[in-house]
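The chains referred to below are lettered A, B, ... by the order of the sequence lines, with proteins before strands, and numbering in each begins at 1.
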Amino acid sequence: MKPFQYLRPKTVQEAISMATDNPGAQYIAGGTNLVDLMKRGIASPPKLIDINHLPLKKIEHRYDRLRIGALALNSDVARHKGVVARQPLLAQALLAGASGQLRNMATVGGNLLQRTRCSYFYDLALPCNKRQPGSGCGAEGGVNRTHAIFFAGNGFGGYEASSCIAVHPSDMCVALTALETNVVVNGPEGERRVMMKDFHRLSTQQPELDTYLRPGELLTAIEVVDNAFAKHSHYLKVRDRASYAFALVSVAAALQMDGGRIWDARMALGGVAHKPWRYWAIDLMLRGQAPSEKLFQEVAEHEMQSAEATAQNAFKIKLTTNAMVAALKTAAGIS
Amino acid sequence: MKRQSWDNPSDTSLTRVDGAAKVSGGATYSAEYAIPELVHAVLVTSTIAKGSITAIEAHEAEAAPGVLAVISHLNVMTVPGWPAKKQPAERAQVGTALRVFYDPLIYFDGQPVAMVVAGTHEQAVHAASLVCVTYRKESHQTDFEKNAGKAAVPLNVQRSGNSPFKDYERGDAAALRQAEVKIEAEYIIPTQHHQPLEPHAIIAVWEADDKLTVYDKNQGVKSVQGQLAQAFKLPRENVQVVARYVGGAFGSGIRVWPHTLAAVIAAKQVKRPVKLVLGRDQMFTSVGYRPYTVQKIGLGASADGRLTGIVHEGTGQTSMYEEHLERTVLASRALYACPSVLTRYRLLPLDVNTPTWMRGPGDATGMFALESAMDELAFALKMDPLDFRLKNYAESDPERNLPWSAKSLRECYELGAEKFGWKNRMQAPRSVRQNGMLVGYGMASSLYGFHRHPSKARAVMQADGSVVVQSATMDIGPGTGTAMTRIAAKVLGLNAKKIRFELGHSALPDAPGQNGSSTIPSVGSAVHDACEALKNRLAALAGDMEARFRSGGQAVVRNGQLFASEGDKDGLSYADILKHHHLNELEVTGESKQGAERDQYSMYSFGCHFVEVQVGELTGEVRVTRVVTCADVGTIINYKTARSQSIGGVVGGIGMALMEESVMDHRFGRYVTSDFASYHIPVHADVPPIEVYYIDKPDMLADPIGSKGLGEIAIVGVAGAIANAVFNATGKRIRHLPITPDKLI
Ligand SMILES: Cc1cc2nc3c(=O)[nH]c(=O)nc-3n(C[C@H](O)[C@H](O)[C@H](O)COP(=O)(O)OP(=O)(O)OC[C@H]3O[C@@H](n4cnc5c(N)ncnc54)[C@H](O)[C@@H]3O)c2cc1C
Ligand code: SF4
């Protein structure tokens, strides 16, 4: 690991100034991702700005929304009464991620900004456009069993040539995407709110960038607006072992039901794209319908029409379809 | 031969004698010795799979803070025991262990090419990242499937007439073709790595120019001592090897690997004690692995379920410079009563590092295939898989035509089936659903050959009647010290608290390394014999004191006292015997080895596993929900530690069956699963309740304690049982491990 300087700001403003004044400096929260990247020489910030002492841990319900501080620990969020009662999908997704020890260190902000788990990204001896732009994508012609099957631009078709086929590894972000969460960001130009759908990037000509965050910006909180999904939501994660593994695919399904019919539906998919993948049309397809396995199968297959497999991950198309059906069935309470 | 069990599980089992030290951090592992003047080394490894080094640019690294040396083939000392280097360098002959920093040639990706030594570990890591190595690449071959045609009879077999690995045939070669019912199939296990949680580590200390001490993670201090003495041309006794605690190894520590030599070389060159700890990624290319193996099995039977022919062919991967042979196809000759059997074993050399023995070496691989095939044939015969095995039960060894020394496999099957509830199994796949999951039952047999090597143990009684027992054996996890303490306590009639067992140091009496499930039979027998000898010495000394001990009858021991006979009420305490004779200590050494029984009987450990799985119909996820494992390994010395050993084997088998796979990108010849995020081993959530049962009948032909090896059979067969349960649940036969969701949806 390269020697680095350690800074500890006391206020949000001080943190932002430090980041602005020191190009290349990085914030560190739980460190569960960044320290690994530094040990392997993938990240080598000359300065680390330790934000753990900033007052950004609070979880509270105000007016019509849950506001969760960017430094709230994954484990604290997952067991917070307000979260469990109002947004169980978020709690489920968090508990499906990593391990107890990691969740005790990992923060909401860090989880949003964790980097891909593509093996080529982690190995300096192998090519990777994300780590070293222009070196080539190792996974594209190599081992890509866990890689993306959706590449389209903004969710409404229009493929872009992809220079990175990695997936975003977070479970939490899949739930946040389905829940249309806002990310609160503070930076040199002041505070702004970014919608989840606009937070991460799809792989573009700049695969080294995962998000649309601007230099020096600090995540301060996320906000989940109240909704009526609590009774009928489910996070399903399919993985190679029972726990402590990243998703092969995951599904966050949220339904609003009344009188045996679906009145609102949201879905996001994990492990399938460079960002959490929002299934935009699902609401249209399910609204007003009575839940059934047949319906869910149709709905799932519909979205998968735009999926595209690489050499080793064709199975993901079937698996994602199946996972959508299974998650919708559980959410709707049919067996 | 019936003898009362040594151990009643409910009361007398010993708790691990070193358990408290281990869980409280009191146990010192190889990397943890506080040695004055210690410096730290980090390896730089190759990033190509074949070729040679053209240049090593080390100036920047050498100038980095704290760096003492950057060692490579360009500036390495001459290792006195190695042959003189050739100019230009020539590729090694098959059978040459990799000599670290010997010449510029590269044999595999991940090969050590340089080593940085610095004041702190962090300085060494940083400087290692600054070393710039350039190569001349040659095209490499690492892809088993693409090169399968190059598999050949091992040179080892070609050279030796009576190798167990040569082609084998009994009965009628055409039997399989003519069988009334038959199956033929190919089974593949991928490369799998031991990956013990404690990485391999060494501290090398040159106490003087010709005196070396190493604190090294390994499975045999004596063999490391011998090999280091040879490499550095030192008298054996000038080399000491210490490995008191080992945090798991599973075979990765049987050999002396290049990194061990590298640390010893570095310590000599920088004239300071050097510590080297392998990185997790380096563990994938430094200490061997279970080789990628492709097997073809053909099984034939009569319509009523009698096996008529077995053909078992196996090909394992090896390196270009060494052959690694294992028992892959051997179980098929001995396990079932089948008149016609044909086995063939081949090796495929690739540009990879050499594989090595990994828990249940060869047999875990071969029995996955054989026991899957048995299940396939039972299904084709419409027979219960357990009935099918019982119908083909071998009453004597069909390979060697010898009686078994002891075999209670039938009792294992019966006990296991009863405890598991095998009778509830549905023959038709996909018959049982529970909580939306498909449920399946599977079973498999297990066997592993008996190994006993010459061993010594010393027993020293102290003036207070307590005893220290010593042997240069190892404990890589099974609880050797605990089992040996139990043997000594039993023979000497002494409370275990009064016994201390010492192991893991090359200065102790000779013992084999811990491998091949041989420790209890080998070292346990030596400890038994040493303690018997000590008891006899005590009896003789007692005879000098009191006439009743001279009657020639067998003295009896109880509670640290000697009695003239079973009914004798007054005992002489050991302390009093020593005191009477003015002895501060009483020392005896026992030596034990196999007798002629080995040639008159066939000796194996046996067992079986019963497994329940649940499979998500939509997600293809397999969860093992219940396991019953039953073993026939002769006497159970200490139930509690034996049970841990069996549980560990099943957990290893779950990993083998469902998740472990080292994946290589063959364009680079480099692993892309070189961390625990991508190389999956079972976590707690993958491990169900595991019930363990033993037949616990001594095999007195095997050794004086009647005990056979347990470590290997604990894993052998587990993967097959799981694959069979998956078939029963889903109707899908997965012949290519691991059984991941993509294969089942
Ligand atoms: C073995 C392992 C298994 C895992 N399994 C899973 C899994 O199954 N599912 C899953 O979802 N995750 C998994 N994770 C990832 C884990 O969730 C992330 O590592 C964690 O959430 C990161 O949080 P952190 O606070 O430790 O971030 P850090 O490592 O501190 O930071 C990560 C990144 O975020 C930036 N950052 C952090 N906070 C802020 C902020 N407030 N503002 C701006 N930038 C910020 C840092 O600069 C850094 O670039 C796993 C991790 C490991 C190591
Ligand atoms: S998929 Fe992305 S992260 Fe992986 S090698 Fe290609 S560019 Fe790098």
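Scanning all heavy atoms of the two residues, the minimum distance from A:Ala326 to B:Leu618 falls at CB-CD1, 3.7 Å. Between B:Asp665 and A:Gly142 the shortest heavy-atom distance is OD2-CA, 3.8 Å. Taking both residues in full, the closest heavy atoms of A:Phe315 and B:Ile745 are given as O-CD1, 3.4 Å, listed atom of the first, atom of the second, then distance.
The side-chain heavy atoms of B:Ile681 and A:Arg241, taken from C-beta on, include a pair separated by under 4.5 Å. Side-chain atoms of B:Asp281 and A:Arg40, non-hydrogen and from C-beta on, never get closer than 4.5 Å to each other.
Your options are A:Arg117, A:Lys316, A:Arg145, and the one with the most heavy-atom pairs under 4.5 Å with chain B is A:Arg145. Across A:Val238, A:Thr321, A:Leu248, A:Leu124, the residue that shares the most heavy-atom pairs under 4.5 angstrom with chain B is A:Val238. Interface summary for chain A: among B:Glu617, B:Lys743, B:His126, B:Gln123, the most heavy-atom pairs under 4.5 angstrom belong to B:His126. If you tally non-hydrogen atom pairs under 4.5 Å between each of B:Arg670, B:Glu122, B:His684 and chain A, the highest count goes to B:Arg670. Chosen from B:Glu621, B:His666, B:Met664, B:Met659, the residue pairing most often with chain A at heavy-atom distances under 4.5 Å is B:Glu621. When each of B:Gly436, B:Ser678, B:Ala685 is scored by its heavy-atom pairs under 4.5 Å with chain A, the top score falls to B:Ala685.
In this structure, chain B has no heavy atom under 4.5 Å from any part of A:Pro169. For chain A, the nearby part of B:Val663 is the side chain; its heavy atoms alone come within less than 4.5 Å. Contacts between A:Leu319 and chain B at a heavy-atom distance below 4.5 Å involve backbone atoms as well as side-chain atoms. For a residue to count as touching a neighbouring chain, one of its non-hydrogen atoms must lie under 4.5 Å from one of that chain's; by this rule B:Ser129 does not touch chain A. Of the atoms belonging to B:Ile654, not a single heavy atom falls under 4.5 Å from chain A. Only the side chain of A:Leu126 has a heavy atom closer than 4.5 Å to any heavy atom of chain B. Contact of A:Arg239 with chain B is made through backbone and side chain together, with heavy-atom distances under 4.5 Å. Both the backbone and the side chain of A:Asp240 come within less than 4.5 Å of a heavy atom of chain B.
Other residues, nucleotides and ligands contribute at most 12 non-hydrogen atoms within 6.0 Å of the CD atom of A:Glu293. More than 12 heavy atoms of other shown residues, nucleotides or ligands fall within 6.0 angstrom of atom CD in B:Glu62.
To the nearest 0.5 angstrom, B:Thr619 atom OG1 is 13.5 Å from A:Lys237 atom NZ.
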